[in-house]
Amino acid sequence: MSSTYDHKQIEPKWQKHWEEQGIFHAADVVRGKKNFYLLVEFPYPSGNLHIGHWYAFAIPDIFARFMRMRGFNVLFPIGFDAFGLPAENAALKRGINPRTWTHDNIEYMRKQLRRMGASFDWEREVVTCEPDYYRWTQWIFLQFFKAGLAYQADSLVNWCHSCKTVLANEQVIDGRCERCESAVMQRKMKQWLLKIKDFADALLHDLETLPWPEEIKEAQRNWIGRSEGALVKFPISNFQFPNKSQITNSNLYVEVFTTRPDTIFGATYLVLAPEHPLIENLESGIKNLEEVKEYIERAKTKTEMERGQLQKEKTGVELAGIRAVNPATKEEIPIWVADYVLMGYGTGAIMAVPGHDARDFAFAQEFHLPIRKVISPEVGANGRSPVQGAYEGEGAVVNSGKFTGLDSQTARERIVAWLELNKLGKRSTSYKLRDWLISRQRYWGCPIPIIYCRRCWENPKSKIQNPKLVGSEIDGVMHAVIPVPGDQLPVELPELDDYKPRDDGRSPLSKAADWVRVKCPQCGGAAERETDTLDTFIDSSWYFLRYTDPGNEKVFAAQEKMAQWMPVNLYSGGAEHTTMHLLYSRFWIKAMERLKLVPWCEPYVRRLNRGIILGPDGQKMSKSHGNVVDPDEQVERLGADAVRMYLAFIGPYATVGAYPWSMNSIVGVRRFLERVWMLGNKLKTQNSKLKTKETFINKYPAVQKKRLQMLAHQTIKKVTEDIESFKFNTAIAQLMTYTNELVKADLRDPAMRDYYTLLIVLLAPFAPHIAEELWQRMRFAHAADQRRSNTQINADDSENVSSIFKEPWPKFDPRLILEMKVSVVIQINGKKRGMVEVLRGAGEEEVFAAVGAAPEIQKYLRGITVTKKVYVKGKLLNIVAQ
RNA sequence: GGGCCAGUGGCGGAAUAGGUAUACGCGUUUGACUUAAAAUCAAAUGCCCAAAAGGCGUGUGGGUUCGAGUCCCACCUGGCCCACCA
């Protein structure tokens, strides 16, 4: 038996053992055990594991192993978020199939994940690009479509002229294409969207019920961006409509959204977004139509980058000849068009109050528009005297007719009430959140299971049969939008020869003519398939449901299987998903709940955002910095146990911070593991001479060394509580302290073996391989001892317990963690001057008496009068004196 | 510009119902072992002062308190996210 710690020998051995024994497979029900669902964000199969993956998976694995030992039936699954653009890019660059590229990566990453020693249940693996998974992605999407939650609309998308393709927001870096670095434009295209906005209030409201970290909740609240305010109508005063049939009710006024109705008397002009539809309707009355059209054209072709750079410079043009009436002042005011007003928020039009809004102020200055003060900062409101620019705070309303003199809040209420009474406006709520744009003009994604049929749209009968039939225009011709029937799912992604995007921005799938051409499921005539694919965030919006029932061919997951595990008890992931994946999947589950597909409206009970690991130089790891730490090399050199334990030791896990990797510090962790190993060796030589009694866990024998016993119980307490709160760093510190004491202790003490076993068990979640090895050796030695002393060996016992991870987690005795004698700090006027030792539970008088016997403290008391004593029992005595 | 978070030794970090600041680890110094080095073991290690005594110390300045890293106010610095959101 080798006596040096050789991680290369023991780590593969136990990884194989655990997998063969199926130790980490989660059965749906285990008698007498509560279920616990621990979820980690599944990886994108990008090639090979980096340190970030280790941090994301190996550290939660500590918790998974701990919970098993505490007696929970733990579901700790893994899978691959396998659709996505990098596969397509790799295909274009290297001429390989995206499917091949993805599958090769998955295969390689599976091997690496096993080397990590994470206790995943591989029998439940989910891969989103497999037809048996995306079949159900398509099925759920169709339920949403039938319920009206998925719809098509013309939307502005990011368009790269050079690559001739649509880009996702994540692919636009500082207004440039991430691939070719040319400027990105906005282009209007027909897109699929999901009605996440319908759930804005539910998403906001249910957030309050979740025990999540406050900063995550706050980030989601800000993202949803609910604002209370009012919609106000500003009638168009002097426009003669040339053709009476063109007049619609909405042509007669400009409707704006404002959160500050109290400033309405200061609204000296209106501004429309360049895309505002009213402009077209008013064309015949616009005297400078050429100029206006030119401005709108320019705004359209402005790149994202230009918008960012020119944020401070306001541009715009007046609609000459058109004026509106401020319903409060009855004054005629001009209407402008400017790109600082966004079509996507509110009504796409604003009332400009340059006196009390910085942007309006800048615009008014630029174009010499009137600025009127209607709010006066109340004295002492914030002590700051305005106002070189606009005063945006609250205050007393002035110059506002009958509302003058009110405070902002009261004025808001009264003015809105007045507007409502006169049918000029109404209370309203607005959100920053926009509906989720889910179609992508890309190959490597889940096909949208929709068929377009011209004949069905043109046949009057089909609309009678299906009154909810939706139409969609393709190349100027209307088609009926037909969902693919359930028995024809999945719509499989076809093989292509060429994944290049087309000049017209349509999906590469549109080139698969045989695939596009399809029989209409409704009329049987010639029809064509939707060629866009779904955003990959859809694939990841429900994968955690599939883990509960991965093989099901009848439904996305059986209700009774989901009921065993859902909702997820703890979800660990990266902060970058706070307002994307985390919000999307909450919405997705709420939508499923509305359709009675699932019974709960929140998918995750607890959520934890981890930090990130930086390079040794404190910079983000990147190839260009040359500071990338390769986990494979570290595992080779120091072992998986040392790598994961170092990552756990580096700092608290549930904190969104950044920790630099340190080649020195990981060596310290390795040294610790070697000390634990060597201690086992030393004990073995000692113990072979001695007969030991029964195994110790949870049944502490009478111990001679009280101090060690106390430390052992304190260690159980500290390690247990720290793991529960994800403070692995301090749990490990405690294990180190405990180990240091054991090393110093008398190895001939028969209790040492039990103390050592305790160490191994507490160490097991952190460094599973070395702990299993040492534990199995102890078992072997123990069995040998028993044979020698003719004790009968319980065969059953050795059969059942084949791993340290089937051992129960130790419990501590609260009576044994308290010290008999305590050191009390003596302060004089708040300054520490010494310590006295007294019995635990000693009162103030006893402590003060002990101070009298301590000359090094007494000298500070000479010549002064004690006026007060503050005593904190067993901790501190502060003597206040003059 | 808005929101959130964080500033503690040479470094990662520890310490909250306000009560010994710097646990644990790294690094550094000295010693033991060694022909030597590595490894290991032992001791020291916040700053000022040769040392003792003493003083000063948790980004800065105030405040509350017998007592503040922790609570309150103002400010400085850094990080992350969102950004013309009316």
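Throughout, protein chains are lettered first and strands after them, A, B, ... in sequence-line order, and every chain is numbered starting at 1. Computed from a predicted structure; not experimentally measured.
Ring geometry for A:H581 versus A:F537: interplanar angle under 30°, hence parallel rather than tilted (30 to 60°). Note on ring orientation: taking the six-membered ring where Trp is involved, the planes of A:Y340 and A:F363 are tilted (angle from 30° to 60°). Relative orientation of the A:Y653 and A:F726 rings is parallel, given thresholds of 30° and 60° on the angle between their planes.
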Name every donor-acceptor pair, under 3.5 Å, that has one atom in a side chain of residues 822-836 of chain A and the other anywhere in the protein, sequence neighbours excluded.
from	atom 1	to	atom 2	distance (Å)
A:N829	OD1	A:A881	N	2.9
A:N829	ND2	A:A881	O	3.2

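Under the 4.0 Å criterion applied to side-chain N and carboxylate O atoms, A:E674 and A:R671 are not assigned as salt-bridge partners. Salt-bridge formation is not detected for the pair A:K8/A:D6: no Lys NZ or Arg NE/NH1/NH2 atom is positioned less than 4.0 Å from an Asp or Glu carboxylate oxygen. A:E846 has no carboxylate O lying under 4.0 Å from a charged side-chain N of A:K873, or vice versa, which leaves the two without a salt bridge.
Listed candidates were B:G54, B:C84, B:C66. Nearest to the side chain of A:K868 is B:C66. In the set B:G12, B:C56, B:C84, the nucleotide with an atom closest to the side chain of A:K831 is B:C56. Of all nucleotides listed (B:G19, B:C24, B:A15), B:G19 comes nearest to the side chain of A:L876. Listed nucleotides: B:G12, B:G67, B:C84. Nearest to the side chain of A:Y340: B:C84. Listed nucleotides B:C84, B:G19, B:G25 differ in distance to A:R675; the shortest reach to its side chain belongs to B:G25. Nearest to the side-chain atoms of A:V880 among the listed nucleotides B:C24, B:C66, B:G25 stands B:C66. Relative to the side chain of A:R671, the nucleotides B:G25, B:C26, B:G19 differ in distance, and B:C26 lies closest. Proximity note for A:A733 (side chain, C-beta onward) versus B:U20, B:C24, B:G67: the nearest is B:C24.
Just one of A:H7, A:M663, A:R670 meets the side-chain contact (heavy atoms from CB on, under 4.5 Å) condition when paired with A:R637; it is A:M663.
For B:U20, the OP1/OP2 oxygens have no side-chain nitrogen or oxygen of A:R833 closer than 4.0 Å. OP1 or OP2 of B:G25 has not a single side-chain nitrogen or oxygen of A:N664 nearer than 4.0 Å. OP1 or OP2 of B:G25 sits under 4.0 Å from a side-chain N or O of A:N740. Neither OP1 nor OP2 of B:C5 sits under 4.0 Å from any side-chain N or O of A:T655. Between A:Y659 and B:G12 there is no side-chain polar atom (N or O) within less than 4.0 angstrom of OP1 or OP2.
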Can you run through RNA chain B from 5' to 3' and write each base as (, ), [, ], | or . depending on how it pairs? Watson-Crick or G-U wobble, both distances under 3.5 Å.
(((((((..(((......[....)))((((((.......))))))(((.....)))..(((((..]....))))))))))))....
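By the 4.5 Å heavy-atom criterion applied to side chains, A:E392 and A:H356 are not counted as neighbours. At least one side-chain heavy atom of A:W336 sits under 4.5 Å from a side-chain heavy atom of A:L369.
Below the 3.5 angstrom threshold, one finds no donor paired with an acceptor across the side chain of A:K869 and the base of B:C66.
Contact annotation for A:Y871: no contact, since no heavy-atom pair falls under 4.0 Å across all strands. Base contact: A:K832 has a heavy atom under 4.0 Å from a base atom.
Remark: A:E215, A:E218, A:N222, A:W223 in residues 213-223 of chain A come within less than 4.0 Å of RNA chain B through at least one heavy atom.
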